[in-house]
Amino acid sequence: MVRIGAFLVGLFFAGWLLISFLVGAVAYVSEPPAKTVEHEFHKHPKDVDFSFNGPFGKFDQAQLQRGFQVFKEVCSACHSLKFVAFRDLKALGYNEAEIKAIAKQWAIKTPDVDPKTGEASSREPVPADYFPKPFANNVAAAAANNNAIPPDLSLMTKARHDGSAYVYSLITGYQKQPEELLKHFPDAKTPEGLHYNPYFANLNLAMAPPLTADGQVTYGDGTKATVDQMAKDVAAFLTWTAEPKLENRRRAGLATIVFLLIATALAYMSYQNIWADKKKAA
């Protein structure tokens, strides 16, 4: 009797869920939700060819150095790299003397405390320090950036889908708001102080175009610093800050796959050898 009652209760709830689903499906088909301006005009990241794409891809050390230069001269005034230390730049090919010089010459000083007075002070960064934040706190950051707080870029390419291409697309995607958008969504005009960019989630962001002209940065290796090149380079650098062990992880994964394939083959051959006599007897 209890089982019959439980079955009937379960049947009731299952039937109710089915009815709810059917009612919702009919409502969706008969009165589909209105499309939003973000749904209509938001674009997916561009298809960009990076040297580290694919399972066998590797970082281009020269590109990473160029990307670091773009970050240093353009991005670091507003954005931080709180999970990256100056000494980590050794992986980009800089030697100890160069890293010390980069830290010493960094425009933003490292917060410190005067050991004699206990008061807040600042000092020149050293290789062991993480990159200092450009603003003392979020209030100061918002005050200097039209009430928008510039995000930390250490893990940006991991925080966004197809992050490397997203960073490149966002930097190169600033444009005038399309007339078609204003025609269909007249209330979606980009507010004063914001900038239209179809690669940003809500199409408008506070950050002004960071790369505005070719030659904005002068590369030491002689590479022509076009806006497209600088955007690719800084996107590659930010991919490294988010995944500095990318190449090691891929090598370990490849070695694991090879090991599993060999182990599977050995296990199968052992199985065939151990049970050969039994199969014959059968």
Side-chain angles (χ1 to χ4, degrees), residues 43-71 75 79-99 102 127-131 151-172 199 201 219-221 223 228-282:
K43 294 183 179 180
H44 294 289
K46 303 174 185 177
D47 185 17
V48 192
D49 183 26
F50 288 105
S51 64
F52 48 81
N53 286 346
F56 303 104
K58 295 183 178 181
F59 285 123
D60 180 345
Q61 202 170 71
Q63 183 179 49
L64 295 183
Q65 290 193 8
R66 294 195 302 269
F68 170 64
Q69 186 177 349
V70 175
F71 173 81
C75 310
H79 295 280
S80 58
L81 287 178
K82 64 181 180 180
F83 295 121
V84 184
F86 286 99
R87 62 186 173 192
D88 294 333
L89 296 177
K90 185 177 181 180
L92 273 59
Y94 294 104
N95 58 42
E96 292 185 10
E98 290 173 326
I99 293 173
I102 290 171
D129 290 326
Y130 288 89
F131 283 86
D152 180 82
L153 298 182
S154 304
L155 304 176
M156 184 56 66
T157 59
K158 292 288 287 183
R160 298 291 183 272
H161 173 67
D162 200 5
S164 306
Y166 167 79
V167 171
Y168 167 81
S169 301
L170 186 74
I171 293 175
T172 59
Y199 298 98
Y219 285 140
D221 62 1
T223 301
D228 184 78
Q229 183 67 54
M230 289 185 289
K232 285 183 179 178
D233 292 342
V234 76
F237 171 70
L238 293 178
T239 302
W240 171 80
T241 64
E243 293 191 272
K245 304 297 182 182
L246 175 67
E247 295 179 15
N248 292 339
R249 178 169 58 80
R250 286 177 175 172
R251 281 194 292 266
L254 181 61
T256 300
I257 292 174
V258 172
F259 169 78
L260 290 175
L261 290 174
I262 294 174
T264 301
L266 291 174
Y268 178 74
M269 289 187 288
S270 298
Y271 163 79
Q272 293 287 77
N273 184 57
I274 293 171
W275 291 96
D277 295 338
K278 300 294 182 181
K279 288 182 177 180
K280 290 178 181 180

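The chain is numbered in sequence order, starting from 1. In what follows, every heavy atom counts, from backbone to side chain, and hydrogens, waters and symmetry copies are set aside. This one's a predicted model, so the numbers in the text were calculated from it and none came from an experiment.
- The distance from the OH atom of Y168 to the CG atom of D233 is 11.0 Å, given to the nearest 0.5 Å.
- The distance from atom CE of M230 to atom CD of Q69, rounded to the nearest 0.5 Å, is 10.5 Å.
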Show the atom names and distances, to 0.1 Å, of all donor-acceptor pairs under 3.5 Å that link a side chain in residues 251-259 to residues at least two apart or in another chain.
residue	atom	partner	partner atom	Å
R251	NH2	N248	OD1	2.3
T256	OG1	A252	O	2.8

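- The two atoms that bring Q229 and R66 nearest to each other are NE2-NH2, 3.5 Å, heavy atoms only.
- To the nearest 0.5 Å, atom CD of residue Q63 and atom CD of residue Q61 are 12.0 Å apart.
- Panel note: side chain T157, backbone S164; no donor-acceptor pair is recorded below 3.5 Å.
- Ring pair Y94/F68 is perpendicular by interplanar angle, where above 60° counts as perpendicular and below 30° as parallel.
- In this structure, the separation between OG1 on T239 and CD on E243 is 7.5 Å, given to the nearest 0.5 Å.
- A donor-acceptor contact under 3.5 angstrom links the side chains of T172 and K46, judged on distance only.
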Please set out all donor-acceptor pairs under 3.5 angstrom arising from side-chain atoms of residues 81-92, sequence neighbours excluded.
residue	atom	partner	partner atom	Å
D88	OD2	A85	N	2.8

Open item on the list: Go through it in stages, so that I can follow the logic: the residues are E96 and I99, the test is side-chain contact (heavy atoms from CB on, under 4.5 Å), and I'd like the CA-CA distance, side-chain angles, deciding distance and then a yes or no.
Closed with: CA-CA 5 Å; E96 292 185 10; I99 293 173; 5.7 Å; no
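- Panel note: side chain R250, backbone G54; a donor-acceptor pair is recorded below 3.5 Å.
- A 4.5 Å side-chain heavy-atom check between N95 and E98 finds at least one atom pair inside the cut-off.
- Proximity of H79 to M156: side-chain heavy atoms (C-beta onward) are nowhere separated by under 4.5 Å.
- The backbone N or O of A62 sits nowhere less than 3.5 Å from a side-chain atom of Q65 that would complete a donor-acceptor pair.
- By the neighbour-count criterion of 12 heavy atoms within 6.0 Å, atom CG of D49 is sparsely surrounded, having that number or fewer from other residues, nucleotides or ligands.
- A distance of 11.0 Å separates OH of Y199 from NE2 of H44, quoted to the nearest 0.5 Å.
- Note: F59 and F52 have tilted aromatic rings, judged against thresholds of 30 and 60 degrees for the angle between ring planes.
- The two residues L153 and T241 come nearest to each other via the heavy atoms O-OG1, 3.8 Å.
- Crowding of F50 atom CZ: a count of heavy atoms from other residues, nucleotides or ligands under 6.0 Å exceeding 12.
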